[in-house]
K.L.:
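Structure in C-alpha cells, see below.
Chain letters run A, B, ... following the sequence lines, proteins first, then strands; residues in each count from 1.
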Amino acid sequence: MLNPLITTARESLRYKGSGQVLWLLHRISGLGVVIFLGTHIFGMSMAAFNPPLHDAMLAVYKTPLFSIGEIALAACLVFHAVNGTRIAILELRPSLWEKQQVATRWSIIITLILLAPTIIIMAYKSISYYATHGLR
Amino acid sequence: MASTTITPGHTVRKVRPIPQTRNRFELGMWLFMRYSGLALVFLALSHFWMQHVLIGTHEIEFAGTQLRWGITGQPVTVEQVIWRAYYAVMLVLAVAHGINGVRQVTYDYFGHRPAVYKGLMSVIVVIAVLISLGGMAALFMGAAAGGGEAALR
Ligand code: HEM
Ligand code: HEM
C-alpha cells in the first residue's frame, strides 16, 4: 500500500523536479484559504445580523491557537498569490515558457521576501498582546 | 501556443493544461482562474495586510467595521461606499475562484464517480451561495448600530 506511494513521490520528484511539489503546495494552500474564507465571510456578515456572534468570532481571532493558525494562513495566502501569479503570467504569455526555471526560483524567493516581514510583525504583535493581556 | 517546445532538462509544465476550446465552459473557467487570481493579488493581500500588519488582529474592533461599512439605517458616506464596493468585489471574486478551485480538486479525486462528484459539488455550491448572499446583504446594510462588544464583557 505504502510502497507505490513512496515510489511515486520519489520518482516524480526526480523526474519532474520541484514543479510537482509547487503544484501540491498550490493546491493545499488554495484549499486552506477557501476553508478560512467560508467561516470568515459568515462571521463578518454577522456584523449586520448578529453583533454578539460577530464579536464572538472576533474573540476567536484573538486566541493563541488562532494566532498560530493565522501565520499558516499568511503563508498559504502569500505563497498561493505569488505562485498563482507565476502560473497566470506564464500561461497567458506562452512565449515565456522557456523562463520556467527562473520563474520558479523567483516565485519561491519573492514568497519568502514578502512572508518574512509579515510573519515577524504578526508574531511580534501577537506576543506583545499575550504578554500584556495574558493567555486566555 | 502549440508550437512551443519544451527543451529536455527544463521543468515540464505541471499546471492544468489549456482546455479544449470546444468546451467553452472549461475555457472560460480556465481564463477566469487566471484573471481573478491576478485581481485577488491586490484585493486579498491588501486586505490581509491591512488587518494584520497595519491594524493588527488583536486591535480589530466592531467600531472599525462600523466606520468602514457604515451603520444600518444611517446615511452612507462616499468612503463607505468605496469600502463596500471593495469588499463586494473581493467577496465575489474570492468565492467564485475558490469554488472553481474546489471543483477542480473534487473532480481530480472523485471524477471517476459522477454521483459522488455531483453530490459533493451540489452541497458545496449551495453552502457557498448562502454564505455569499449573507455577506452581500451585510455589505448593503452596513454594520448594526450599537455593536456587540458590550454584550460580551
Ligand atoms: C491571491 C491571489 C491568487 C492568485 C494569483 C491565484 C491563482 C490561481 C491560479 C492561477 C489557479 C489555477 C491553477 C491551475 O489551474 O492549475 C488557482 C487555483 C486555486 N486557487 Fe487561487 N489564486 C489566488 C487566490 C486564491 C484565494 C483567495 C483562494 C481561496 C478562496 C484560492 C483558492 C484556489 C484553489 C482551491 C485552487 C485550486 C487548486 C488546484 O486545482 O489544485 N486562490 N489559483
Ligand atoms: C486572519 C486574517 C483576516 C482578518 C483578521 C480579517 C478581518 C476582516 C474584518 C475585520 C472584516 C470586516 C470588514 C472591516 O472591518 O473592514 C473582513 C471582511 C472580509 N474579509 Fe477578511 N480578514 C482576514 C483574512 C481574509 C482573507 C484571507 C480573505 C480572502 C481571501 C478575506 C476576505 C474578506 C471578505 C470577502 C470580507 C467581506 C465579508 C462580508 O461581506 O461579509 N479576509 N475581514
Side-chain angles (χ1 to χ4, degrees), chain A residues 15-20 22-23 26-27 30-31 33-34 37-38 41-42 44-56 58-59 61-62 66-67 70 73-74 77-78 80-82 84-85 87-92 94-95 97-98 100-101 104 114 117-118 121-122 125-126 129-130 133, chain B residues 1 4 6-7 10-16 18 30-31 33-35 37-38 40-41 44-45 48-49 52-53 56-62 65-66 69 72 87 91 94-95 97-99 101-102 105 108 127-128 131-132 134-144 146-149 151-152:
Chain A
Y15 272 120
K16 298 181 180 168
S18 52
Q20 196 82 352
L22 284 192
W23 170 81
H26 194 76
R27 175 157 283 192
L31 291 176
V33 181
V34 175
L37 189 67
I41 294 179
F42 173 79
M44 291 305 120
S45 65
M46 288 304 132
F49 306 116
N50 191 337
L53 185 54
H54 173 273
D55 266 3
L58 273 191
Y61 284 16
K62 301 176 187 181
F66 189 88
S67 302
E70 224 175 16
L73 180 65
L77 187 68
V78 173
H80 190 93
V82 176
T85 307
I87 296 174
I89 293 178
L90 282 182
E91 296 198 352
L92 295 171
S95 56
W97 281 355
E98 289 165 22
Q100 287 243 37
Q101 283 185 324
T104 305
L114 292 178
T118 308
I121 294 174
M122 282 168 63
K125 291 202 173 192
S126 292
Y129 176 85
Y130 296 121
H133 292 75
Chain B
M1 230 173 291
T4 309
I6 295 161
T7 351
H10 275 226
T11 329
V12 182
R13 230 160 50 90
K14 233 58 89 295
V15 285
R16 196 163 292 275
I18 298 165
W30 185 88
L31 276 176
M33 284 309 268
R34 274 124 194 98
Y35 286 116
L38 290 178
L40 282 167
V41 173
L45 286 185
F48 191 82
W49 278 325
H52 288 282
V53 177
T57 311
H58 294 99
E59 317 309 323
I60 294 177
E61 290 197 344
F62 192 66
T65 306
Q66 285 178 324
W69 287 6
T72 316
Y87 279 110
L91 186 143
V95 171
H97 180 104
I99 288 301
V102 169
V105 177
D108 280 355
I127 295 176
I131 292 179
S132 310
M136 270 298 173
L139 287 176
F140 275 105
M141 290 164 61
E149 202 83 19
L152 269 188

K.L.:
State the OG1-CE distance between Thr65(B) and Met46(A), to the nearest 0.5 angstrom.
P.N.:
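Atom-to-atom, Thr65(B):OG1 and Met46(A):CE are 13.5 Å apart.
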K.L.:
How long is the straight-line distance from OG1 of Thr57(B) back to CG of Leu73(A), given to the nearest 0.5 Å?
P.N.:
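The OG1 atom of Thr57(B) is 9.5 Å from CG of Leu73(A), to the nearest 0.5 Å.
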K.L.:
Of the non-hydrogen atoms in Gly56(B) and Lys125(A), which two are nearest, and what is the gap between them?
P.N.:
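Residues Gly56(B) and Lys125(A), closest heavy atoms: CA-CD, 3.9 Å.
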K.L.:
Using non-hydrogen atoms only, which part of Ser67(A) is less than 4.5 Å away from chain B: side chain, backbone, both, or neither?
P.N.:
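Contact with chain B is through the side chain of Ser67(A) alone.
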K.L.:
When you look at OH of Tyr87(B), are more than 12 heavy atoms from neighbouring residues, nucleotides or ligands closer to it than 6.0 Å?
P.N.:
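Atom OH in Tyr87(B) is packed in, count exceeds 12.
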K.L.:
Which heavy atom of Pro51(A) sits nearest to which heavy atom of Phe62(B), and what is that distance?
P.N.:
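Answer, listing the atom of Pro51(A) first, then Phe62(B): CB-CZ, 4.2 Å.
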K.L.:
Where on Ala137(B) is there a heavy atom nearer than 4.5 Å to chain A: the side chain, the backbone, both, or neither?
P.N.:
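Interface part for Ala137(B): both.
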K.L.:
Between Tyr61(A) and chain B, with a heavy-atom cut-off of 4.5 Å, which part of the residue counts as in contact: side chain, backbone, both or neither?
P.N.:
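When you check distances to chain B, atoms from both the backbone and side chain of Tyr61(A) fall under 4.5 Å.
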K.L.:
How close do Trp49(B) and Thr118(A) get, counting heavy atoms only, and between which atoms?
P.N.:
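What the structure gives for the nearest pair is NE1-OG1, 3.1 Å.
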K.L.:
In terms of heavy-atom pairs under 4.5 Å with chain A, which of Ile99(B), Leu139(B), Leu45(B), Thr72(B) leads?
P.N.:
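The answer is Leu45(B).
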K.L.:
Please classify the contact of His26(A) with chain B as side chain, backbone, both or neither, using a heavy-atom distance under 4.5 Å.
P.N.:
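For His26(A), no heavy atom lies under 4.5 Å from chain B.
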K.L.:
With respect to chain A, which residue among Glu59(B), His52(B), Met141(B) yields the maximal number of heavy-atom pairs within a distance under 4.5 Å?
P.N.:
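Most pairs with chain A among the choices: His52(B).
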K.L.:
Within this structure, what is the NE2-NE2 distance for the pair His97(B) and His80(A), rounded to the nearest 0.5 Å?
P.N.:
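Separation between the atoms: 4.0 Å.
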K.L.:
I need the minimum non-hydrogen distance between Val102(B) and Val34(A), along with the two atoms involved.
P.N.:
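The answer is CG2-CG1, 4.0 Å.
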K.L.:
Kindly give the heavy-atom pair with the smallest separation between Ile87(A) and Arg34(B), and that separation in Å.
P.N.:
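The pair with the smallest heavy-atom distance is CG2-NH2, 3.9 Å.
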K.L.:
Mind telling me whether His58(B) and Tyr129(A) have parallel, tilted or perpendicular rings, with 30° and 60° as the class edges?
P.N.:
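Aromatic pair Tyr129(A)/His58(B) classed parallel.
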K.L.:
At their closest point, which heavy atom of Gly134(B) faces which heavy atom of Ser45(A), and how far apart are they?
P.N.:
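Minimum heavy-atom separation between Gly134(B) and Ser45(A): O-CB, 3.6 Å.
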K.L.:
Measuring only between side-chain heavy atoms, which start at C-beta, is Leu92(A) closer than 4.5 Å to Tyr35(B)?
P.N.:
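Leu92(A) vs Tyr35(B): side chains touch.
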K.L.:
Please flag which part of Leu40(B) lies under 4.5 Å from any non-hydrogen atom of chain A: side chain, backbone, both or neither.
P.N.:
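Looking at Leu40(B), nothing touches chain A.
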